[in-house]
Amino acid sequence: QVTLVESGGGSVQAGGSLRLSCVASGDTYKNNCRGWFRQAPGREREGVAAFWTGGPGTTYYADSVKGRFTISQDKPQNTVYLQMNSLQPEDTAMYYCAAAPSCVESLLAVGRYNYWGQGTQVTVSS
């Protein structure tokens, strides 16, 4: 079992930045694939960024956020971050952290992940 707690959401103007944090506890060693997802009202949840916390550091991003968002970790603190720069109104959504036991493929697929946080709201105004 893994518990994930997100924080760092808020309201910003277009062009601004936010850093989301996700603190994991529980069986994190066996569930070391981490992803950030988002869901806007009326839309499906989509993968934003992901990586294997125990791996070489290869990161995966949705095309819509490449070059603007960065996923990283503080391993001793079991914390994964999502640095979001150049935010746009279309980035407005509830953002979720997720964990999975395997990082073999399809890291941005919602169905891969077993554990989810409660979400943190990001609102970007124009």
S.K.: Flag the pair Ser7 / Thr120 as yes when at least one side-chain heavy-atom distance between them is below 4.5 Å, and no otherwise.
M.R.: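 With C-beta onward as the side chain, the pair stays apart.
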S.K.: Hey, what do you get for OG1 (Thr79) to CG (Leu20), rounding to the nearest 0.5 Å?
M.R.: 12.5 Å
S.K.: Tell me whether Gln39 contacts the main-chain N or O of Glu44 through its side chain, where contact means a donor paired with an acceptor under 3.5 Å.
M.R.: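 Absent.
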S.K.: Quick one: CZ on Phe51 to OG1 on Thr59, what's the gap to the nearest 0.5 Å?
M.R.: 8.5 Å
S.K.: Of all the heavy-atom pairs spanning Ala14 and Ser126, show the shortest one and how long it is.
M.R.: CB-CA, 4.3 Å
S.K.: Could you name each residue pair satisfying side-chain hydrogen bond (donor to acceptor under 3.5 Å, both in side chains) that touches residues 22-37, not counting sequence neighbours?
M.R.: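 Only Asn32-Trp52 qualify under side-chain hydrogen bond (donor to acceptor under 3.5 Å, both in side chains).
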S.K.: Roughly how far apart are Gln73 CD and Thr53 OG1, rounded to 0.5 Å?
M.R.: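 One gets 5.5 Å once the value is rounded to the nearest 0.5 Å.
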S.K.: Would you check if Val23 and Leu4 make a side-chain contact, meaning some heavy-atom pair closer than 4.5 Å?
M.R.: no
S.K.: Taking the side chain as C-beta and beyond, is there a heavy-atom pair between Tyr113 and Cys33 under 4.5 Å?
M.R.: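 Side chain of Tyr113 against side chain of Cys33, heavy atoms only: contact under 4.5 Å found.
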S.K.: Answer whether the closest heavy-atom distance between the side chains of Pro101 and Asn114 falls below 4.5 Å.
M.R.: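 A side-chain contact under 4.5 Å exists here.
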S.K.: To the nearest 0.5 angstrom, please state how far the CZ atom of Arg112 sits from the CG atom of Leu107.
M.R.: 6.0 Å
S.K.: Which pairs with one or both residues in residues 59-82 pass ring pair (Phe, Tyr, Trp, His ring centres under 6.0 Å), sequence neighbours excluded?
M.R.: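 Residue pairs passing ring pair (Phe, Tyr, Trp, His ring centres under 6.0 Å), neighbours aside: none found.
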S.K.: By the side-chain hydrogen bond (donor to acceptor under 3.5 Å, both in side chains) test, which pairs, at least two apart or in different chains, include something from residues 84-97?
M.R.: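 Of all non-adjacent pairs touching residues 84-97, those that pass side-chain hydrogen bond (donor to acceptor under 3.5 Å, both in side chains) are Ser17-Asn85, Arg38-Asp91, Arg38-Tyr95, Arg68-Asp91, Gln83-Asn85.
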S.K.: Kindly indicate whether the side chain of Leu82, heavy atoms from C-beta on, has any atom under 4.5 Å from the side chain of Val48.
M.R.: yes
S.K.: Is there a chain of hydrophobic side chains (I, L, V, M, F, W, Y, each step under 4.5 Å between heavy atoms) that links Val12 to Val65?
M.R.: yes
S.K.: Is there a path of hydrophobic side-chain contacts, each under 4.5 Å between heavy atoms, that joins Val80 and Met84?
M.R.: yes
S.K.: Work out which heavy atom in Ser125 is nearest to a heavy atom in Pro89; give both atom names and the distance.
M.R.: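 Residues Ser125 and Pro89, closest heavy atoms: C-CG, 4.4 Å.
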S.K.: Got Val2 and Trp116 here, is their nearest side-chain heavy-atom distance under 4.5 Å?
M.R.: no
